[in-house]
Amino acid sequence: MREVSAVEMARKVRAGEWPAEEVLECFLGHIHRSDPAINAFTRITEDRARRQAREVDRKIRAGEDPGVLAGVPFAVKNLFDLRGEITVAGATVTREDPPAERDATIVGRLQDAGAVLLGALNMGEFAYDFTGENIHYGPSRNPHDLSRMTGGSSGGSGAAVAGGLVPLALGSDTNGSIRVPASLCGVFGLKPTFGRLSRKGCYPFCPSLDHVGPLARTVRDLALSYDVMQGHDPGDPVCSARDPEQVFPQLDRGCADLRIAVAGGYFRERGTEAALAAVRAVAAELEVRDEAEIPGVPEARAAAYLITNAESASLHLERLRHRAGEYDPDVRDRLLAGSLLPSDWLFRAQRFRAEFQKAVYRVFERFDVLLAPATPMSAPPIGQRQMVLDGETMPVRPHLGLYTQPLSFVGLPVVVVPVRADGALPIGVQVVAAPWKEMDALRVAAVLEEKGFRSTVPQQWRDADDFRGN
Amino acid sequence: MQEQNEGCPGPEDGFYRQMLLLNGLRIPEEWRAEVARYFCISWRMARQLQACPMDLRDEPAPVFRA
């Protein structure tokens with residue numbers, strides 16, 4: 001039962017072949033057996049999930065439409081508001097905050113489509129993290145190798161999907177926090193265009209760069225959930241008023257009409273052989289021969305780093321004055337450093353955003369889609385502090401997202417596609433599209449999935465008694 | 001990204017102490033080295049950006065809007 005896609009699961013539930021309550025109990029059983037090792041969940045909302053599953057089954061019995069995601073279990077990074085729950089955002093300093101009065105907008109939209117919420121997922125404290133480590137709740141562990149990082153900050157989201165705990169999870173991505181765990185955990189992840197999905201009800205990290213999006217094991221699951229979550233929300237001041245563009249029905253179009261290039265320059269530097277080989281493998285399958293270089297990528301990354309550091313420090317300043325000792329030291333020290341930045345650094349960084357945006361537009365006049373590595377390496381061991389790339393020693397925590405950060409800086413839509421060489425840990429490739437062209441990135445990802453770039457649950461997390469075939 | 005921090009203000013500098021004071025922050029001695037290390041990463045990023053010519057009269061535009 002857990003092996004099928006969310007799309008297929010919903011089809012069976014809607015057809016009355018699988019009761020939503022039975023699907024739910026199957027997943028809850030797996031979570032109780034496996035999550036003590038994976039540590040993806042920080043809260044399991046069992047009672048609420050059972051109520052939702054019962055309601056789906058009631059609608060089906062009554063002949064009502066239960067929604068396109070009927071009975072599909074999902075879970076969310078614990079920075080999303082869940083009505084009646086405290087939004088901890090990976091921290092303990094938030095534990096006395098009042099419970100959320102309502103669900104985050106996109107959580108509500110998934111539930112309206114029949115999806116069943118199973119709980120809240122582990123994350124790096126306040127999302128300032130690329131590792132998936134958390135001093136308060138313990139690290140989320142990579143289902144492909146429990147001694148390895150999940151990547152962060154949506155580490156619980158990546159781990160929950162990769163370990164088969166849920167077919168669908170939500171994460172947030174400011175500089176790479178969906179794409180880095182998708183890469184390290186070997187799942188698909190979508191970071192839509194800035195402003196495409198509502199962030200209302202999400203604990204902010206750096207509002208001028210924050211995005212939200214789904215992680216899943218198939219492209220169709222990503223697309224269907226994305227379609228359901230689209231739509232204007234006046235509760236988020238940057239949420240677009242554009243009409244939703246339904247991608248799911250378009251996924252069979254292929255991508256022969258799209259002009260695709262490999263991102264050169266910066267994106268060919270610093271990566272390990274595994275990262276560069278993954279891009280080569282994807283490019284070869286798509287028969288891509290062109291290379292495109294976006295000018296100013298190192299500066300874009302620098303600007304994104306500064307904006308993140310300054311905005312997040314400002315957000316936390318009041319708490320840091322009185323309760324700094326309750327923060328994860330790795331996060332606290334970065335926030336304290338951010339409180340020292342001169343204003344010129346921040347304004348220059350915001351101005352460079354406009355410059356870089358123009359440069360990106362020029363590249364997308366020539367190409368529709370770019371391919372780039374998602375992370376410079378596959379999952380490092382939990383606890384690793386330093387890494388060496390191209391002979392340079394650098395700290396892991398701020399630099400694991402060096403390929404993702406410049407792209408979210410100007411809000412480009414990106415799908416991460418998992419690549420796995422024989423016997424190696426998974427690593428992702430970013431499929432990058434022009435602004436508002438999520439459909440192009442998802443169509444390319446669908447072609448790649450068809451060609452064998454798939455996300456699979458490691459054997460140790462598949463239970464024989466869960467299988468009912470599909 | 002190599003640790004080349006010559007010229008970067010450290011915890012012993014007046015700038016550091018004044019910014020902390022203005023922000024109402026106290027940093028215990030044992031935190032200072034790590035805070036300084038992260039500050040130096042930002043300092044290097046800022047130097048990289050300052051070396052890049054740009055028209056500062058331009059609007060600092062938001063990202064893609066509908």
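Proteins come first, then strands; the chains are lettered A, B, ... in the order of their sequence lines, and each starts at number 1. Heavy atoms only: backbone and side chains are in, while hydrogens, waters and symmetry mates are out.
Proximity to chain B (any heavy atom under 4.5 Å) is shown, for Leu336(A), by both the backbone and the side chain. Contact of Phe352(A) with chain B is made through backbone and side chain together, with heavy-atom distances under 4.5 Å. In this structure, the portion of Arg332(A) lying under 4.5 Å from any heavy atom of chain B is its side chain and not its backbone. For chain A, the nearby parts of Leu49(B) are the backbone and the side chain; heavy atoms of each come within less than 4.5 Å. Heavy-atom distances place the side chain of Asp344(A), and not its backbone, under 4.5 Å from chain B. Both the backbone and the side chain of Tyr16(B) come within less than 4.5 Å of a heavy atom of chain A. Interface remark: Pro398(A) contributes side-chain atoms only to the contact with chain B (heavy atom separation under 4.5 Å). Ala349(A) touches chain B through backbone and side chain together, each having a heavy atom under 4.5 Å away. Residue Gln18(B): no heavy atom, backbone or side chain, is found under 4.5 Å from chain A.
Minimum heavy-atom separation, Pro395(A) to Ile41(B): CG-CD1, 4.2 Å. Taking each heavy atom of Ser339(A) and Met19(B) in turn, the nearest pair found is O-CE, 3.8 Å.
The number of heavy atoms from other shown groups lying within 6.0 Å of CZ (Arg321(A)) is above 12. Counted within 6.0 Å of CZ on Arg323(A), heavy atoms from surrounding residues, nucleotides or ligands total more than 12; the atom is thus considered enclosed.
Cys52(B) places none of its side-chain heavy atoms less than 4.5 Å from the side chain of Glu355(A). Looking at Leu317(A) and Leu25(B), their side chains come closer than 4.5 Å, going by heavy atoms from C-beta outward.
To the nearest 0.5 Å, atom CE of residue Met45(B) and atom OG1 of residue Thr308(A) are 10.0 Å apart. Atom CG of Asp13(B) and atom CG of Leu340(A) lie 11.5 Å apart (nearest 0.5 Å).
Considering only heavy-atom pairs separated by less than 4.5 Å from chain B, the leading option among Ala303(A), Pro298(A), Ala324(A) is Pro298(A). The residue among Arg47(B), Arg32(B), Gln50(B) with the most heavy atom pairs within less than 4.5 Å of chain A is Gln50(B).
Judged purely by atom type and a 3.5 angstrom limit, Asn309(A) has no side-chain atom pairing as donor or acceptor with the backbone of Ser42(B). When atom types are taken as modelled, the side chain of Arg334(A) and the backbone of Tyr38(B) share no donor-acceptor pair closer than 3.5 angstrom.
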(request) Could you go through the side-chain contact (heavy atoms from CB on, under 4.5 Å) check for Met54(B) and Arg348(A) one step at a time? (result) CA-CA 9 Å; Met54(B) 66 178 101; Arg348(A) 199 171 284 266; 3.6 Å; yes

